[in-house]
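See structure below.
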Amino acid sequence: MSNDLNKVVFIQSNFCIGKNEDDYAHPVAIYQFHAYWWRDQNLDKTVKYSCSKNKTHKCTAKIKLSGDQVINSTGHHFCSKLDEADVKFMQAEQDLKKAALNDISKPLRVCYNEIVSKLLLDGFTPDIIAAKNIASHDENDIEIDNNESITNAEPELEPEPAPEPAPEPAPEPAPEPA
């Protein structure tokens, strides 16, 4: 992304991972190191996006896209910019979610290690990877649908029944009076 500041990068939304992408969600657009969410599609097939921080930081920034070209940019940002690492890690997190859902027989730890290996090859140090924390969810559970989940933890074993308590010794009879 460093070679062209005006290039738009699209990152798949969380809402469509594991589903038919066309039916569920629009990608997040990254433009000039700000994240934008889809808002509307015009009759001329241009698409409006607004800053993802429009509610939390009151950003008024909006862009109008035709394909991946910015036609118009309006408003102001009151949020901080992303950096190249943020964008890479957003993409890595989505790749991790896709990998975990595409092959549910593969342990999540293996998927995570593959993504971390790619990040290391891209020049990120283990310290930066740990600080960015791409696995922001519980590593043993990834939500698929409302009632389904993939669990990659070891199966829980049935607890062994507690041993029966030893019978109490019978009280000794009182000595008989002589």
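The first residue of the sequence shown is numbered 1, and numbering continues consecutively from there. Below, each value reflects all heavy atoms present in this structure, side chains not excepted, and no hydrogens, waters or symmetry copies.
- A 6.0 Å sphere centred on CH2 of W38 holds more than 12 heavy atoms belonging to other residues, nucleotides or ligands.
- Using modelled atom types and a 3.5 Å distance limit, the side chains of T125 and D127 yield no donor-acceptor pair.
- Atom CG of residue L119 and atom CD1 of residue I129 lie 5.0 Å apart, to the nearest 0.5 angstrom.
- Contact between C51 and C79 at its shortest, heavy atoms only, is SG-SG, 3.8 Å.
- Distance check, rounded to the nearest 0.5 Å: CD of Q91 to CD1 of I11 gives 4.5 Å.
- Of the inter-residue distances, the one linking T56 atom OG1 with N54 atom CG reads 7.5 Å to the nearest 0.5 angstrom.
- At least one side-chain heavy atom of F89 sits less than 4.5 Å from a side-chain heavy atom of I128.
- K7 and Y31 make their closest contact through O-CD1, 4.1 Å (heavy atoms, listed as atom of the first residue, atom of the second, distance).
- Residues V116 and V110 fall into different hydrophobic clusters, defined by Ile, Leu, Val, Met, Phe, Trp and Tyr side chains chained together at heavy-atom separations under 4.5 Å.
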Enumerate donor-acceptor pairs with a distance under 3.5 Å from any side-chain N or O in residues 68-78 to protein atoms, sequence neighbours excluded.
| from | atom 1 | to | atom 2 | distance (Å) |
| --- | --- | --- | --- | --- |
| H77 | ND1 | H34 | ND1 | 3.4 |
| H77 | NE2 | Y36 | OH | 2.8 |

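- A donor-acceptor pair under 3.5 Å is formed between the side chain of D83 and the backbone N or O of A85.
- For residues 112-126, the set of pairs meeting the salt bridge (Lys or Arg N to Asp or Glu O under 4.0 Å) definition, not counting sequence neighbours, comprises K88-D122, K106-E114.
- Across every non-hydrogen atom of L108 and A100, the tightest pair is CD1-CB, 3.8 Å.
- For the atom pair N42 CG and L65 CG, the distance stands at 10.5 Å (nearest 0.5 Å).
- Taking all atoms of both residues into account, the shortest heavy-atom contact from A35 to L82 is N-CD1, 4.1 Å.
- With contacts defined as side-chain heavy-atom distances shorter than 4.5 Å, the pair Q94/V28 does not qualify.
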